[in-house]
Amino acid sequence: MQILEVLKQSIIEGNEEHAARYAGDAIAERIDAKIILDDALIAGMNVVGEKFRTHEIFLPDVLLSAKAMYAALAKVRPLFLKEKIPSLGKVVIGTVQGDLHDIGKNLVGIMLEGAGFEVIDLGTDVAPERFVDEAVARDAEVIGLSALLTTTMPGMGKVVKILKERGLSGKIKVIIGGAPVNDEFCREIGADAYCFDAANSVATVKKLLGQSTSRAE
Ligand code: B12
């Protein structure tokens, strides 16, 4: 699919205008929103991440790519939210304290919303206590935590600890994700589940809540 490759390139190049236009074109070609997300948007950001890692590009370039990604995402997002299904439950989601990365977290939020969950997005740089306070105040069943920096990962453990201290472990489930996070870390801090990507987060949250995962997500 030519258009997905062009869209991916516009994200890698950080061309906001092109990204928005080509995302619109991909939608007009009736390409499935999930495929646009996976094969162009996320695929593009993965290339950006790799180029950044190898010092082929620098922080300002990454920011431009992030902006282009958001311009494309703004076009794709409504497709995920089209069919309003009765709420499957409430998820409070956010990026942990000290961390400003929000692309992955936003994708997870969109996927969950699209699947029928009510998503309460606390944004980035969220203090551990706030996750718990908001989850309690909003009667949420799940807290979703994102961290992209190894230095901010401990914030996830703090949320789990606060839940334990307040006797809420098990009642409010914690799902964690982000590039430096893995299963081992999840077990270490006592979170309920780790999820590698946005696509799997829907099935994982449903499983945590004892819901059937048979419906296509
Ligand atoms: C884009 C980016 C930025 C952008 C962020 C823009 C934004 N609005 O988010 C900007 C330029 C601002 C930035 C800043 C910095 N960054 Co940066 N950044 C990246 C980059 C290139 C891509 C991240 C991204 O968006 N990926 C695309 C998304 C789709 O993937 P994802 O986030 O992993 O999310 C997926 C999964 O992880 C999962 N997931 C994510 N969250 C959650 C949550 C839940 C609940 C679940 C279930 C799943 C889940 O699902 C998502 C979708 O499939 C990464 C490189 C990388 N390889 O990750 C570096 C990277 C994360 N950054 C890094 C660094 C060092 C920084 C800075 C400290 C740089 C600096 N010197 O200032 C600052 C920190 C600012 C801060 N305090 O947070 C390092 C971290 C190193 C480390 N080990 O800690 C990385 C790894 C780059 C590197 N190789 O050095 N960055």
Side-chain angles (χ1 to χ4, degrees), residues 7-8 10-12 14 16 19-20 22-24 26-27 32-49 52 59 62-84 87-127 130-131 134-135 138 140 142-149 152-153 155-156 159 174-181 193-206 217:
L7 175 55
K8 181 177 156 187
S10 64
I11 286 166
I12 296 168
E16 200 176 344
Y22 297 137
I27 292 165
D32 187 71
K34 222 164 148 190
I35 292 176
I36 301 177
L37 203 64
D38 284 343
D39 295 357
L41 275 56
I42 295 181
M45 281 312 292
N46 284 342
V47 175
V48 172
F52 185 52
L59 219 52
V62 177
L63 261 180
L64 288 177
S65 289
K67 272 188 156 181
M69 158 95 187
Y70 276 128
L73 197 59
K75 300 269 178 190
V76 181
R77 193 170 186 267
L79 301 187
F80 280 95
L81 310 179
K82 231 181 194 167
E83 311 159 45
K84 230 6 205 170
S87 177
L88 293 179
K90 285 186 201 163
V91 183
V92 164
I93 196 167
T95 305
V96 297
Q97 198 159 40
D99 205 321
L100 301 175
H101 295 87
D102 64 0
I103 296 174
K105 180 264 297 169
N106 290 342
L107 290 176
V108 172
I110 288 170
M111 288 284 193
L112 288 171
E113 246 184 317
F117 288 93
E118 192 179 323
V119 175
I120 300 140
D121 190 340
L122 303 182
T124 59
D125 191 18
V126 182
R130 190 159 165 239
F131 277 109
E134 292 281 351
R138 309 286 197 104
V142 179
I143 296 177
L145 302 171
S146 182
L148 264 288
L149 300 171
T152 58
M153 283 164 62
M156 297 175 150
V159 175
V174 177
I175 177 171
I176 63 171
V181 182
Y194 155 73
C195 218
F196 172 73
D197 62 12
N200 284 314
S201 58
V202 171
T204 307
V205 169
K206 281 186 176 177
E217 45 252 349

Asker: Do you know the tightest heavy-atom contact between Ser10 and Ala19?
Answerer: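 Nearest heavy atoms, Ser10 then Ala19: OG-CA, 3.3 Å.
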Asker: For a quick test of reading the model, state the closest non-hydrogen atom pair linking Val119 to Gly109 and the distance between them.
Answerer: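 So the minimum-distance heavy-atom pair works out to CG2-O, 3.6 Å.
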Asker: Between side-chain atoms of residues 63-71 and protein atoms elsewhere (two or more places apart, or another chain), which donor-acceptor pairs fall under 3.5 Å?
Answerer:
residue	atom	partner	partner atom	Å
Ser65	OG	Ile11	O	2.8
Ser65	OG	Ile12	O	3.3
Ser65	OG	Asp61	O	3.3
Tyr70	OH	Asp102	O	3.4
Tyr70	OH	Asp102	OD1	2.5
Tyr70	OH	Ile103	N	3.4
Tyr70	OH	Asn106	ND2	2.6

Asker: List in chain and number order the residues that pass side chain to side chain contact (heavy atoms under 4.5 Å, CB included) with Asp99, two or more places apart in sequence or in another chain; answer none if no residue qualifies.
Answerer: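 Per chain and number, Asp99 pairs via side chain to side chain contact (heavy atoms under 4.5 Å, CB included) with Thr95, Val96, His101, Ala147, Leu148, Leu149, Thr152.
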Asker: Run the side chain to side chain contact (heavy atoms under 4.5 Å, CB included) test against Ala43 and tell me which residues pass, sequence neighbours left out.
Answerer: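 Only Lys8 meet the side chain to side chain contact (heavy atoms under 4.5 Å, CB included) criterion with Ala43.
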Asker: Salt bridge (charged side-chain N to carboxylate O under 4.0 Å, His left out) with Glu118: which residues, sequence neighbours excluded?
Answerer: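 By the salt bridge (charged side-chain N to carboxylate O under 4.0 Å, His left out) rule, Glu118 matches no residue at all.
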Asker: Going by the rule side chain to side chain contact (heavy atoms under 4.5 Å, CB included), which residues pair with Asp197 if we only count those two or more places apart in sequence or in a different chain?
Answerer: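 By the side chain to side chain contact (heavy atoms under 4.5 Å, CB included) rule, Asp197 matches Ala199, Asn200.
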Asker: Mind checking the NZ-OG spacing from Lys206 to Ser201? Nearest 0.5 Å is all I need.
Answerer: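 Lys206 atom NZ to Ser201 atom OG measures 11.0 Å (nearest 0.5 Å).
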Asker: From Asp125 CG over to Leu100 CG, what is the distance, rounded to the nearest 0.5 angstrom?
Answerer: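 If we round to the nearest 0.5 Å, Asp125:CG and Leu100:CG are 6.0 Å apart.
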Asker: Given side-chain contact (heavy atoms from CB on, under 4.5 Å), test Ile42 with Leu107 step by step and report yes or no.
Answerer: CA-CA 9 Å; Ile42 295 181; Leu107 290 176; 3.6 Å; yes
Asker: With sequence neighbours left out, what residues match Phe131 under ring-ring contact (aromatic ring centres under 6.0 Å, His included)?
Answerer: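 Counting only residues at least two positions away or on another chain, Phe131 forms no ring-ring contact (aromatic ring centres under 6.0 Å, His included).
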Asker: What is the distance from atom CD1 of Ile120 to atom CD of Glu113, rounded to the nearest 0.5 Å?
Answerer: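 Nearest 0.5 Å value for the CD1-CD distance: 10.0 Å.
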Asker: Do side-chain atoms of Lys90 reach the backbone of Arg138 as a donor and acceptor pair under 3.5 angstrom?
Answerer: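 Looks like yes, one N/O pair under 3.5 Å.
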Asker: Of the non-hydrogen atoms in Leu41 and Ala72, which two are nearest, and what is the gap between them?
Answerer: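 Residues Leu41 and Ala72, closest heavy atoms: CD1-CB, 3.9 Å.
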Asker: Check Ile27 against Lys75 and note the closest heavy-atom contact, atom names and distance.
Answerer: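 Ile27 and Lys75 have their closest heavy atoms at CD1-O, 3.3 Å.
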Asker: Could you grab the distance from atom CD1 of Ile175 to atom CE of Met156, nearest 0.5 Å is fine?
Answerer: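 Spacing of CD1 (Ile175) from CE (Met156) equals 10.0 Å.
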Asker: When rounded to the nearest 0.5 angstrom, what is the spacing between CG in Leu79 and CD1 in Ile36?
Answerer: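 Answer for the CG-CD1 pair, Leu79 versus Ile36, is 6.5 Å.
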Asker: Any chance you could measure Gln97, atom CD, to Thr124, atom OG1, to the nearest 0.5 Å?
Answerer: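 These two atoms lie 11.0 Å from each other.
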Asker: For the residue pair Met153 and Val181, what are the closest heavy atoms and their distance?
Answerer: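 The pair with the smallest heavy-atom distance is CG-CG2, 4.2 Å.
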Asker: Which residues pass the side chain to side chain contact (heavy atoms under 4.5 Å, CB included) test with Phe52, not counting sequence neighbours?
Answerer: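 Checked Phe52 against side chain to side chain contact (heavy atoms under 4.5 Å, CB included); matches are Ile57, Leu59, Val62.
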Asker: Which heavy atom of Ala23 sits nearest to which heavy atom of Leu7, and what is that distance?
Answerer: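 Result for this residue pair: N-CD1, 3.7 Å.
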Asker: Using a 4.5 Å cut-off on heavy atoms from C-beta on, say whether the side chain of Val142 contacts that of Val92.
Answerer: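 No, every pair of side-chain atoms sits at 4.5 Å or beyond.
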